[in-house]
2 protein chains.
Amino acid sequence: MEAAQSPFPSAQEKRAAREAKRAAVLRAAVQMFNERGFHQTSLDDVAARLGISKPTIYHYLGNKDQVLLECVSIGLGQLIEAAEQSRAREGSGADRLIAFLVRYAEVNMDDFGRCVIRTGDEALAPESRKRFRALKRQIDSDMRGLIAAAVEDGSIPPCDVRLMAFTLAGALNWPARWHDHGGALSSEAVARQMVDILARGFLPR
Amino acid sequence: MEAAQSPFPSAQEKRAAREAKRAAVLRAAVQMFNERGFHQTSLDDVAARLGISKPTIYHYLGNKDQVLLECVSIGLGQLIEAAEQSRAREGSGADRLIAFLVRYAEVNMDDFGRCVIRTGDEALAPESRKRFRALKRQIDSDMRGLIAAAVEDGSIPPCDVRLMAFTLAGALNWPARWHDHGGALSSEAVARQMVDILARGFLPR
DNA sequence: CAAGCAATCTACTCACGCGTAAAATTTTCG
DNA sequence: CGAAAATTTTACGCGTGAGTAGATTGCTTG
């Protein structure tokens, strides 16, 4: 614990405190969604886990649909960020692609990333679903772009980009279902080894 | 329509008719589960689609949990059957593995197979969940067995069997989420092309 | 100090959907 | 035919969980 600040929080601190509470709600919610599933988790459950009451959640997030949308948006945001960082990297197209894939896999084993994979579109209300799908299209497009760029610069042989993207994404999505954070393999190790297996398939011989 | 049988059905025909009705309920249910999601599909919806009433469904299947369990059991049954047939096949271990993978992917794009992938364990009641998990463990074990056999007979190089199985399964599960039966690519084509991509990764160079 | 705003709670409403009771209809068969 | 078994329906009970109303407390600020 830090030394006591002034007991009179600034507007900045005020906003930060509010943001922290909002984040705490999302964290608790996403963990419970991942454990029990979205429909098996009531907002009363989430509130109880945090030692607060349900209306408090409604104070920070409009409704359950919003909670879920926020969770998957965070996860997808991390993936989109990973794509940006990979594109900015130096090296061949294949290098950038591989760096992205490793990070992609890691995110999918994290709380918010797992939620993205485990959440079916149907769980969201129509408007939220549109947003969810748009974000997913975005990372799909990013992945295809990275693959195409690697083909372009000759660091991997030509292939059906669309199907390659689906294959790679599918393989690296799946740990969201089985990987156990308490298990023997760290998510980093799993990510790296799976990408190794996949890279053997698309790198030139 | 066939010419009229005797209007007095035999006990055999009786049982078959009942079985056909039961199957029709499951077919309708699984399709709606895949379209809208399990929790967004009420048994009243399913009944309406069939032009019957909800208690009729309860007459053929005990409850909603049973309906879902039956659906995923059918899908998993098809996968287990595929494993058996592949093992009985001639050729190298790699040949048998590839044949299995193609069939595995195809099943996962079919009604019941898709349901297996899209259904999270949490959706099922505790007892059904156990059964579901046991069946999934079974095909996982089958897949690992086929990989190990291929390594054994030297038709593919050594690898981490567990992680290879997860990688292959993940990639070939994913079409359950995106493949559209109305789309340009048939499920057979998708299966074959994805397995080609993956096989480049594990076959010897 | 009083008005106002933020945060939180208790206590409710309300719809939905699972599952069932019990009756009606049809089929089977002695 | 008439009794019993199978099939299917109408009509309901009932729990659960999303979302809300309104009160309470405490802090901020004119």
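We name chains A, B, ... by the order of the sequence lines, and we start the count at 1 in each one.
- As a whole-Å value, the separation of Lys54(B) NZ from dC14(D) C1' is 12 Å.
- For residues 70-128 of chain B, every residue pair satisfying the ring-ring contact (aromatic ring centres under 6.0 Å, His included) rule, not counting sequence neighbours, is listed here: Phe100(B)-Tyr104(B).
- To the nearest 0.5 Å, atoms CE (Met143(B)) and CG (Leu79(B)) are separated by 8.0 Å.
- The CZ atom of Arg96(A) sits 13.0 Å away from atom CG of Leu101(A), with the distance rounded to the nearest 0.5 Å.
- Each side-chain hydrogen bond (donor to acceptor under 3.5 Å, both in side chains) pair with one or both residues in residues 66-77 of chain B, not counting sequence neighbours, appears once here: Arg22(B)-Glu70(B).
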Donor-acceptor pairs under 3.5 angstrom involving side-chain atoms of residues 188-195 of chain B: please list them, not counting sequence neighbours.
none

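- Taken residue by residue, residues 20-45 of chain A places heavy atoms nearer than 4.0 Å to DNA chain D at Thr41(A), Ser42(A), Leu43(A).
- For the pair Arg18(A) and dA7(C), the criterion of a side-chain N or O lying under 4.0 Å from OP1 or OP2 is met.
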Glu35(A) and Gln31(A): CA distance, side-chain angles, deciding distance, side-chain hydrogen bond (donor to acceptor under 3.5 Å, both in side chains) verdict | CA-CA 6 Å; Glu35(A) 282 165 26; Gln31(A) 284 172 357; over 6 Å; no
Derivation and outcome, ring-ring contact (aromatic ring centres under 6.0 Å, His included), residues Trp174(A) and Phe166(B) = CA-CA 8 Å; Trp174(A) 206 238; Phe166(B) 278 138; 8.8 Å; no
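- In this structure, the CD atom of Glu19(A) is 15 Å from the P atom of dA6(C), given to the nearest Å.
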Apply side-chain contact (heavy atoms from CB on, under 4.5 Å) to the pair Leu68(B) and Cys115(B), showing each step before the final yes or no.
-> CA-CA 9 Å; Leu68(B) 181 56; Cys115(B) 187; 3.9 Å; yes
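- Contacts between residues 55-72 of chain B and DNA chain C, counted as heavy-atom distances below 4.0 Å, involve Pro55(B), Tyr58(B), Asn63(B), Lys64(B).
- Stem list for DNA chain C (at least 3 consecutive Watson-Crick or G-U pairs, distances under 3.5 Å): C:1-30 with D:1-30.
- For the side-chain contact (heavy atoms from CB on, under 4.5 Å) with Phe202(A), the lone residue among Thr167(A), Val151(A), Ile147(A), Ile98(A) that qualifies is Ile98(A).
- The pair Asp121(B)-Arg129(B) does not meet the salt-bridge criterion, since no charged nitrogen lies less than 4.0 angstrom from a carboxylate oxygen.
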